[in-house]
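Down below is the structure, laid out as structure tokens.
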Amino acid sequence: MKYFSKKVKNEHGNFDSKDEFDRYLYLKHMEDIGTISYLKRQVRFEIIPKLIRKEKIQLKTKVKEVDRVEEIAAHYTADFCYIDHDGKYIIEELKSDYTKNLTDYILRRKLIKRIVFNHNEEVGFIDWEFREIVSKPKKKKKK
């Protein structure tokens, strides 16, 4: 959800804000001219796996161990993902000055950055990158 913004719905899809739609058009143009590739919108990442606990249940003739989901998994949905001209997988988030400072976003940003860091450590080089794009506040029109 984007705060204080109007949703945009058109032939390109549904967007949470005009800024997100404008960014999409820019990235789509970059893909069309070959600067980036594999542009995707609203890509979902698991940032905290589900919490499962083992539980023993008494049946008529035996005790059975079953898995119970204590907490469901938490996910982060990036605005855009694409491959840049260097071959890096870019996870991009578009935020306003206001929403970039919200506590829940800061926590989700830290968790996705941890996933990016862990991936890069695993492969041994910087293969993924998280980019936060902060949109400029709009100037109010004078009447």
Side-chain angles (χ1 to χ4, degrees), residues 1-59 63-143:
M1 178 175 97
K2 305 279 184 187
Y3 292 84
F4 311 113
S5 62
K6 291 185 179 179
K7 292 189 179 285
V8 174
K9 185 176 182 177
N10 57 34
E11 69 276 5
H12 297 285
N14 298 328
F15 298 85
D16 288 335
S17 69
K18 173 95 167 70
D19 287 340
E20 185 177 317
F21 175 60
D22 290 344
R23 183 68 182 167
Y24 170 75
L25 291 178
Y26 172 77
L27 291 172
K28 188 69 179 137
H29 172 72
M30 298 297 281
E31 183 180 43
D32 291 344
I33 64 172
T35 306
I36 67 170
S37 56
Y38 301 103
L39 175 63
K40 299 219 180 310
R41 295 182 50 239
Q42 303 299 306
V43 178
R44 194 171 152 166
F45 295 88
E46 183 179 85
I47 54 177
I48 304 173
K50 66 183 171 185
L51 179 62
I52 298 175
R53 69 178 159 84
K54 302 273 187 200
E55 189 175 286
K56 292 182 180 180
I57 296 185
Q58 179 66 49
L59 302 175
V63 174
K64 183 177 180 183
E65 193 171 276
V66 295
D67 291 339
R68 295 275 187 215
V69 176
E70 186 82 19
E71 294 285 344
I72 61 171
H75 294 89
Y76 170 85
T77 303
D79 289 332
F80 306 104
C81 290
Y82 55 89
I83 307 292
D84 74 359
H85 63 282
D86 292 328
K88 285 184 194 164
Y89 184 68
I90 306 300
I91 301 166
E92 189 174 287
E93 187 67 29
L94 181 67
K95 289 292 175 206
S96 70
D97 260 344
Y98 175 75
T99 57
K100 76 176 177 127
N101 295 319
L102 294 174
T103 307
D104 67 319
Y105 170 67
I106 292 170
L107 179 59
R108 288 182 290 118
R109 181 183 64 213
K110 287 179 181 185
L111 291 168
I112 193 68
K113 281 183 166 185
R114 170 55 57 188
I115 288 170
V116 169
F117 178 82
N118 289 346
H119 170 82
N120 291 337
E121 284 285 304
E122 193 175 293
V123 298
F125 60 95
I126 298 175
D127 188 36
W128 286 10
E129 187 178 312
F130 176 81
R131 292 183 185 164
E132 182 179 58
I133 309 295
V134 179
S135 60
K136 303 291 182 230
K138 304 288 186 273
K139 295 190 180 194
K140 294 186 179 185
K141 294 177 184 176
K142 293 183 180 180
K143 291 183 181 182

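Note that the numbering runs from 1 along the sequence shown for the chain.
Looking at heavy atoms from C-beta onward, Y24 lies in side-chain contact with L39 at the 4.5 angstrom threshold. Counting only heavy atoms from C-beta outward, the side chains of L102 and T99 approach each other to under 4.5 Å. The shortest side-chain heavy-atom distance between I36 and H85 does not fall under the 4.5 Å cut-off. Contact check for I48 versus E71: no side-chain heavy atoms found under the 4.5 Å cut-off. By the 4.5 Å heavy-atom criterion applied to side chains, I57 and R68 are counted as neighbours. Contact check for F80 versus E20: side-chain heavy atoms found under the 4.5 Å cut-off. Using a 4.5 Å heavy-atom threshold, the side chains of I112 and F130 count as touching. Side-chain contact between L25 and H29: absent, with no pair of heavy atoms (C-beta onward) separated by less than 4.5 Å.
Interatomic distance, D86 CG to D127 CG, rounded to the nearest 0.5 Å: 11.5 Å. Here CZ of R41 is found 11.5 Å from NZ of K28. Values are rounded to the nearest 0.5 Å. Separation of atoms NZ (K54) and CD (E65) is listed at 5.5 Å; rounding is to 0.5 Å. Rounding to the nearest 0.5 Å gives a distance of 14.0 Å between CZ of R109 and CD1 of I91. Note that the CG atom of D84 and the OH atom of Y38 stand 13.5 Å from one another [nearest 0.5 Å]. Here K88 contributes atom NZ and I83 contributes atom CD1; the two are 11.5 Å apart, rounded to the nearest 0.5 Å.
Atom CZ of R53 has more than 12 neighbouring heavy atoms from other residues, nucleotides or ligands inside a 6.0 Å radius. Other residues, nucleotides and ligands contribute at most 12 non-hydrogen atoms within 6.0 Å of the CD1 atom of I72. Remark: L51 CG is packed, more than 12 non-hydrogen atoms of other residues, nucleotides or ligands lying under 6.0 Å away.
The aromatic rings of Y89 and F45 sit perpendicular, their planes meeting at an angle over 60°, well past the 30° parallel limit.
Residues meeting the side-chain hydrogen bond (donor to acceptor under 3.5 Å, both in side chains) test with D97, sequence neighbours left out: none. In this structure Y26 satisfies the side-chain contact (heavy atoms from CB on, under 4.5 Å) test together with R23, M30, sequence neighbours excluded. Under the rule for a side-chain contact (heavy atoms from CB on, under 4.5 Å), the partners of Q58 that lie at least two apart in sequence or sit in another chain are V63.
For K50 and D67, the salt-bridge test fails: no basic side-chain N is under 4.0 Å from an acidic carboxylate O.
The backbone N or O of K9 sits nowhere less than 3.5 Å from a side-chain atom of N14 that would complete a donor-acceptor pair. Between the side chain of D19 and the backbone N or O of S135, no donor-acceptor pair lies under 3.5 Å.
Counted by atom type alone, Y105 and E93 present zero donor-acceptor pairs between their side chains at under 3.5 Å.
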